[in-house]
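Notes for the one structure printed next.
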Amino acid sequence: FGSSPDDRLPAIFFMFWPAFFRLLGFSIEHAQRLQFALWFTAGGFAMYILMCCLTRSEVARIGATILYLFNFYQEPIWQGLNIANLSAYVALPLLLAVTIRALRGGSVLRHAAVFALVTVIGSGIAANPPMVLVALIPVPLYLILFMGARFIQADELAIRRALQFGGLA
């Protein structure tokens, strides 16, 4: 189903890190440990950035980040270092954060460029085609709900901004 398991083109960004650590002279075991630490830390930063967009409470930010990092549901991801799930684990909070910030103000073009760069981090999601469908839900759903709420409020400028961002991103 989907693409060939030998086709790892979507995982180039994911596979770059252990190759980079090997290039620096680390053993295979240490390169894998460093990759684990990198993705684990990146997931924490991603959730913290998302929470910065959602709340001003430092306790809520740190609490949500800790829950995200140490969620028992994540165990299968770490056991096999699942490329698609780890990419989604890091990229989705970042994509939502960029979308929220873009719709609040600032340069739509700049936010769309950041969105595009974050999709490189999430490119490993395509290593598992069914995971792509799951990953496609949050950002478009947020845009649709945002535009629906702004339509009710008759805020044409916000709807236009959301359409511009959605079209560019």
Side-chain angles (χ1 to χ4, degrees), residues 11 13-14 16-18 20-21 32-128 131-153 155 157-159 161-166 168-169:
F13 182 79
F14 187 88
F16 164 78
W17 294 106
F20 176 70
F21 294 137
Q32 288 178 339
R33 288 178 186 211
L34 286 169
Q35 181 184 26
F36 174 89
L38 176 93
W39 283 98
F40 183 77
T41 305
F45 282 133
M47 179 50 77
Y48 187 79
I49 290 168
L50 174 61
M51 290 307 296
C52 285
C53 293
L54 298 177
T55 183
R56 291 187 178 139
S57 169
E58 194 65 31
V59 173
R61 292 175 183 173
I62 292 173
T65 302
I66 289 171
L67 285 173
Y68 192 67
L69 287 173
F70 298 103
N71 182 349
F72 291 125
Y73 176 74
Q74 307 296 345
E75 182 184 1
I77 294 174
W78 299 112
Q79 286 177 343
L81 214 61
N82 187 309
I83 296 169
N85 291 358
L86 269 176
S87 297
Y89 175 74
V90 174
L92 287 178
L94 289 174
L95 292 173
L96 280 171
V98 171
T99 303
I100 291 167
R101 291 188 62 134
L103 298 178
R104 285 186 181 164
S107 169
V108 172
L109 188 58
R110 183 173 54 94
H111 284 100
V114 172
F115 191 93
L117 289 174
V118 172
T119 59
V120 172
I121 295 170
S123 63
I125 297 171
N128 182 355
M131 187 67 179
V132 173
L133 295 176
V134 172
L136 285 175
I137 294 170
V139 173
L141 182 62
Y142 182 82
L143 278 170
I144 290 167
L145 292 174
F146 178 87
M147 288 189 297
R150 295 312 181 262
F151 180 76
I152 291 170
Q153 297 171 355
D155 188 352
L157 185 62
I159 294 172
R161 178 177 197 75
L163 289 172
Q164 287 173 345
F165 178 75
L168 286 172

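This chain uses plain numbering: 1 for the first residue, then up along the sequence.
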Open item on the list: Let me confirm one number: the CG-CD1 distance from Asn71 to Ile66, rounded to the nearest 0.5 Å.
Closed with: 13.0 Å
Open item on the list: Tell me the closest heavy-atom pair linking Leu69 and Phe40, and the distance in Å.
Closed with: CD2-O, 3.2 Å
- [ ] Sequence neighbours left out, what passes salt bridge (Lys or Arg N to Asp or Glu O under 4.0 Å) with Arg104? Give chain and number order.
- [x] none
TODO: Might you point out which heavy atoms bring Met47 and Ala64 nearest each other, and give the distance in Å?
DONE: CG-O, 3.9 Å
Open item on the list: Once side chain to side chain contact (heavy atoms under 4.5 Å, CB included) is applied, do any residues pair with Gln164, and if so which ones, sequence neighbours excluded?
Closed with: Val108, Arg160
Open item on the list: Checking Arg61 now: which residues fulfil salt bridge (Lys or Arg N to Asp or Glu O under 4.0 Å) with it, not counting sequence neighbours?
Closed with: Glu58
Task: Arg101 side, atom CZ; Ile49 side, atom CD1 - distance, nearest 0.5 Å - done: 9.0 Å
Task: Counterpart residues, side chain to side chain contact (heavy atoms under 4.5 Å, CB included), relative to Leu54 (two or more places apart) - done: Leu50, Met51, Ile100
- [ ] Measure the shortest side-chain to side-chain distance between Ile159 and Phe151 over non-hydrogen atoms and say whether it is less than 4.5 angstrom.
- [x] yes
- [ ] Kindly indicate whether the side chain of Leu136, heavy atoms from C-beta on, has any atom under 4.5 Å from the side chain of Val132.
- [x] yes
Open item on the list: Among residues at least two apart in sequence or on other chains, which ones pass ring pair (Phe, Tyr, Trp, His ring centres under 6.0 Å) with Phe16?
Closed with: Phe20
Task: CZ-CG distance between Phe21 and Leu34, expressed to the nearest 0.5 angstrom - done: 5.0 Å
Task: Test ring pair (Phe, Tyr, Trp, His ring centres under 6.0 Å) applied to Tyr89 - qualifying residues, sequence neighbours left out - done: Tyr68, Trp78
TODO: Using ring pair (Phe, Tyr, Trp, His ring centres under 6.0 Å) as the criterion, list what pairs up with Tyr48, not counting sequence neighbours.
DONE: none
Open item on the list: Taking Ala102's backbone N and O only, do any of them form a donor-acceptor pair with Arg161's side chain (distance below 3.5 Å, no angle check)?
Closed with: yes
Open item on the list: Tell me every residue that passes side chain to side chain contact (heavy atoms under 4.5 Å, CB included) with Val120, counting only those two or more places apart in sequence or in another chain.
Closed with: Phe13
Enumerate, atom names and distances included, each donor-acceptor pair closer than 3.5 Å involving a side-chain atom of residues 111-119, sequence neighbours excluded.
from, atom 1, to, atom 2, distance (Å)
His111, ND1, Ser107, O, 2.7
Thr119, OG1, Ala116, O, 2.4

Open item on the list: I need the minimum non-hydrogen distance between Ala91 and Gly122, along with the two atoms involved.
Closed with: CB-CA, 3.5 Å
Task: Partners passing side-chain hydrogen bond (donor to acceptor under 3.5 Å, both in side chains) against Arg33 (at least two apart in sequence or in another chain) - done: Glu29
Task: Sidechain-backbone polar pair: Gln35 side chain, Phe14 backbone, donor-acceptor under 3.5 Å - done: yes
TODO: Look up atom CG in Leu92 and atom CG in Asn85, then write down how far apart they are to the nearest 0.5 Å.
DONE: 10.5 Å
Task: Minimum heavy-atom distance Ala46-Pro93, with the two atoms named - done: O-CB, 3.6 Å
Open item on the list: If I compare all heavy atoms of Gly44 with all of Thr65, which pair ends up nearest, and what's the gap?
Closed with: O-CG2, 3.4 Å
Would you give me the side-chain donor-acceptor pairs under 3.5 Å for residues 139-149, sequence neighbours excluded?
none

